[in-house]
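First listed ligand is number 1; within each ligand, the first listed atom is number 1.
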Amino acid sequence: MNDIPLPPGPPARWFWSNALPAVNIAHALADLVREYGPIVSLRQGSQVIVVIGSVEAAADIMEKEGGSLVDRPRSIAAGEMLSKGMRILMARSGDRFRRLRKAVHTHLQPKVAEAYQDMQRENAMIFILDMLNDPKNHQKHAQRYAASVILRVAYGKSVPTSNADPEVVRIHRVMEHFQVVMRPGAYLVDRVPLLRYWPGYGKQLAEWHHEELELYRHQLRRVDSEVDQNKAGPSFTKTLLENAKEHQLSTDEMSYLAGSLFGAGSDTTAVSITVAIMAAACYPAAQAKVHEELNMVIGSDRAPTFKDSGSLPQLHAFLLETFRWRPVIRIGFPHRATKDVFWRGYRIPEGATVYGCHW
Ligand code: HEM
């Protein structure tokens, strides 16, 4: 099968020079897709990176062949040294990943989400008042909204009224560390693995790991004691603790899983809201159409509820277009092929890093 060619792409780079462009990565990958076709391969030494750049190819390869792509590429700085393998977004395939994923997915179903609708609506009302009173700080209001919703979903914590909530500040500091470590090429250890054993090299990552673990443990302990006192509201962590035996997760794994949920759902949600506002500002004619629909369906003497959702196709189209226009995770999150995957005469080889490029 080795004679089946890799997807087309630019000439290979030496292993020490990064095959992925360092700036404007989404645009650069889109240019490559325009030049070479819907799947492109890049080579850095013996490492193959495949970029999927069309919806059809993404559905064929990442959904139908999804089982061969659940793994993640090895990430020494972020995945191993900072997260000790417990951050679900970077967890390698295998027993721990299966346990983490099963535990998180039972709580991320549409039916479960319904339990949070009133809380989301309450927060949306606060957001709208914040926008009316202080429109210049719209990004901050979106961050408050997102932090508040995800804190409730993850820990059942009551609504923080500002971004200065001490717990939110601690969480944002931890997330900033993660973003620093995730920057492509940020840590040489990802290219020279032996560096991790160099005395003093991993000191900062070890400190940051300790800081996030302490925060996540503290949050888990708080919910645990609320459960003991019978005062815990519904939340992901409460469900996790109640089903701890079935999920077979250690205390630290549970702590990280709940913490990761906050990381996965807060900035992503805040950025999506901000982009929707930007789209409305850039395209007033599209905004006017949504406004007209809201006036017609809802009127001006009440706010919309989730029950109105099905009667607002223009609004839904606007939001979907917003996601397409400025995707939040522009090049997706990398996967690793655990066996050869074939698509239209090309071979994505076992071990390749695969990006589904949303842009
Ligand atoms: C607009 C908002 C969001 C965007 C753009 C977004 C984007 C993503 C992306 C690109 C991935 C990686 C998928 C992959 O493996 O290729 C991901 C994974 C994940 N997201 Fe989100 N996300 C959003 C909101 C949320 C929220 C609100 C939550 C939690 C309540 C969440 C929880 C997760 C989890 C747990 C994973 C890991 C899933 C797994 O590996 O099985 N996300 N998200």
Side-chain angles (χ1 to χ4, degrees), residues 26 50-52 55 58-59 61-63 65-73 75 78-79 83 85-94 96-117 119-120 123 142-143 145-157 171 175 178 182 216 234-237 239-240 247 249 253-254 256-279 316 319-338 353-359:
V50 173
V51 176
I52 299 177
V55 173
I61 298 167
M62 306 194 84
E63 289 183 12
E65 295 277 351
S68 315
L69 289 172
V70 281
D71 198 14
R72 302 285 185 190
S75 150
S83 320
M86 290 186 281
R87 205 174 228 109
I88 184 169
L89 258 181
M90 337 203 60
R92 307 295 307 268
S93 61
R96 176 187 266 166
F97 176 70
R98 266 194 299 279
R99 286 182 286 115
L100 291 172
R101 200 161 204 228
K102 189 160 173 253
V104 83
H105 277 243
T106 48
H107 206 79
L108 293 182
Q109 304 302 325
K111 199 79 211 136
V112 181
E114 281 172 20
Y116 297 103
Q117 287 183 347
M119 175 275 288
Q120 277 179 280
N123 265 295
Q143 281 163 0
Y145 168 86
S148 177
V149 167
I150 194 71
L151 270 179
R152 182 75 79 87
V153 173
Y155 300 112
K157 189 176 181 263
I171 295 172
M175 279 173 58
F178 180 59
M182 283 297 288
Y216 298 155
S235 74
F236 171 69
T237 305
T239 314
L240 204 56
H247 293 317
L249 293 171
E253 285 171 336
M254 287 194 284
Y256 249 94
L257 195 55
S260 303
L261 207 62
F262 184 93
S266 59
D267 271 2
T268 45
T269 305
V271 170
S272 309
I273 294 171
T274 304
V275 169
I277 293 170
M278 183 164 81
H316 282 284
L319 293 176
L320 287 176
E321 175 58 6
T322 299
F323 285 135
R324 189 204 62 81
W325 181 55
R326 292 287 185 272
V328 177
I329 315 284
R330 295 188 308 165
I331 65 162
F333 222 76
H335 289 256
R336 181 180 171 278
T338 45
T353 296
V354 181
Y355 284 91
C357 184
H358 300 189
W359 185 265

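The shortest heavy-atom contact between A146 and S266 is CB-O, 3.3 Å.
With Q109 contributing its side chain and H105 its backbone, the two residues share a donor-acceptor pair below 3.5 Å.
Using modelled atom types, one finds no donor on one side chain facing an acceptor on the other under 3.5 Å when comparing R99 with H247.
Heavy atoms from other residues, nucleotides or ligands lying under 6.0 Å from CZ of F333 number more than 12.
Checked against side chain to side chain contact (heavy atoms under 4.5 Å, CB included), T338 has the following partners two or more places apart in sequence or in another chain: S68, D71, S93, R336.
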Close N/O pairs between ligand 1 and protein, under 3.5 Å:
residue: ligand 1; atom: 15 (O); partner: R72; partner atom: NH1; Å: 3.3
residue: ligand 1; atom: 15 (O); partner: R72; partner atom: NH2; Å: 2.7
residue: ligand 1; atom: 15 (O); partner: H335; partner atom: NE2; Å: 3.1
residue: ligand 1; atom: 16 (O); partner: H335; partner atom: NE2; Å: 2.7
residue: ligand 1; atom: 41 (O); partner: R101; partner atom: NE; Å: 2.6
residue: ligand 1; atom: 41 (O); partner: R101; partner atom: NH2; Å: 3.3
residue: ligand 1; atom: 41 (O); partner: H105; partner atom: NE2; Å: 3.1

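Separating the CE atom in M254 from the CZ atom in F236 is a distance of 10.0 Å, to the nearest 0.5 Å.
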